[in-house]
Number of protein chains: 2
Amino acid sequence: MSIELDDIDLKILQSLQEDGRISHAALGKAVGLTGPSVYARILRLEREGVIKRYTTFFDPDKIGQHVVAFVRVTTRTAFSDAEQEGFEQFVMKEPQILECHDVDGEDSYILKIRTSSPQTLRQLLKELRMLPFVARTVTSIALATIKESGLTIPLPSPIEGPGPTEPGNTT
Amino acid sequence: MSIELDDIDLKILQSLQEDGRISHAALGKAVGLTGPSVYARILRLEREGVIKRYTTFFDPDKIGQHVVAFVRVTTRTAFSDAEQEGFEQFVMKEPQILECHDVDGEDSYILKIRTSSPQTLRQLLKELRMLPFVARTVTSIALATIKESGLTIPLPSPIEGPGPTEPGNTT
DNA sequence: GGTGAAATTCTGGGCCC
DNA sequence: GGGCCCAGAATTTCACC
């Protein structure tokens, strides 16, 4: 279930997404409130679970993480709950696996992986394929990253005019 | 090229990744330095481009972003630079496209997309397929997200002992 | 939501190793 | 070069209205 967010909340979230260390005062000036009032809203948003955490982005190359890959994992048709558990726990504990999504379609999972080198990726894939839950993996190594916003919110999509809008979408 | 990072730098980066709003003083206590010393290092890391930005993560569901999908984009075999430009610019300007990677293998691009509803996703895919650069798209909608750390660094990979290390890797 | 104030933090300068 | 101490400025985080 979504939570009620007014325009001021959205602006606060947008600013926090762009600069996680912005001060309450600066935020207040941007949204037309005082520092403490903004602070009260932030506390509420944290309490409600809208804000999950504050974090910092690094340049992967500068810290020796040179490889990004996406792995499509096909699982065996017959598997036990324990085997699925084992797979998901492996994913959770492996820091080089950044993301893991259960998807429909021909594959069962999509993984986003970051490693320092192709060798490290190879080793990780070897471990993955050793899991009884895993039947097959298809790996796509990124040659270039065009965009990686990391933004959880696509924020207010302001342009609604030019694009062909779909009528009757009372979501 | 990677940048020289000592253990203290790595600990600072790790802490900043876990909590982007941690104070310099608290950071100093964690790594055995004073606040100002930590601050000097952070300034250096920012200047060197290791630290890219501070940001905030939200619960996608709580802000009405209910759909996550990965789209594999196959491009036409013959295309002009202008057509490729057009595609990449579309990707850059579309906030609902969170990531776009140029990959090898059978596909040409992998996109990570977040939308509020399947209808919005459908509309976005329609626009994608209208681009002359795009030949085919294969979409996998995530039924569940097992892990989405967003962490750029898998940080200290502490376990080096048990795993079969590959000798002769003089990278 | 605002105001005012105390506790904490940021951030720069100067100094030492 | 890197770190420490110190101090003024800014911020966070409380009161209470």
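Chain naming here is simple, since letters A, B, ... match the order of the sequence lines and numbering starts at 1 in each.
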When the distance from [atom1] of [X] to [atom2] of [N] is rounded to whole Å, what number comes out?
{"X": "B:L45", "N": "D:dG2", "atom1": "CG", "atom2": "C1'", "result": "14 Å"}
{"X": "B:R41", "N": "D:dG2", "atom1": "CZ", "atom2": "P", "result": "8 Å"}
{"X": "B:I22", "N": "C:dT8", "atom1": "CD1", "atom2": "P", "result": "17 Å"}
{"X": "A:H24", "N": "D:dC14", "atom1": "NE2", "atom2": "P", "result": "11 Å"}
{"X": "B:D7", "N": "D:dG3", "atom1": "CG", "atom2": "C1'", "result": "17 Å"}
{"X": "A:Y39", "N": "C:dT3", "atom1": "OH", "atom2": "P", "result": "19 Å"}

**Request:** Between B:I8 and B:P36, just flag the one whose closest nucleotide in DNA chain D comes earlier from the 5' side.
**Result:** B:I8
**Prompt:** Side chains of B:T137 and B:R129: is there a donor and an acceptor less than 3.5 Å apart?
**Reply:** yes
**Asked** With a 4.0 Å cut-off on heavy atoms, is B:R44 in touch with a base, just the backbone sugar-phosphate, or nothing at all?
**Response** nothing
**Request:** Report which part of the nucleic acid A:S23 touches: base, sugar-phosphate, or nothing (heavy-atom distance under 4.0 Å, all strands).
**Result:** sugar-phosphate
**Asked** For the rings on B:H101 and A:F70, is their centre-to-centre separation under 6.0 Å?
**Response** yes
**Message:** For A:K112 and A:E148: C-alpha separation, side-chain torsions, deciding distance, then whether salt bridge (charged side-chain N to carboxylate O under 4.0 Å, His left out) applies.
**Reply:** CA-CA 12 Å; A:K112 180 182 178 184; A:E148 191 172 25; 2.6 Å; yes
**Asked** Parallel, tilted or perpendicular: which describes the rings of B:Y109 and B:F87, with under 30° parallel and over 60° perpendicular?
**Response** tilted
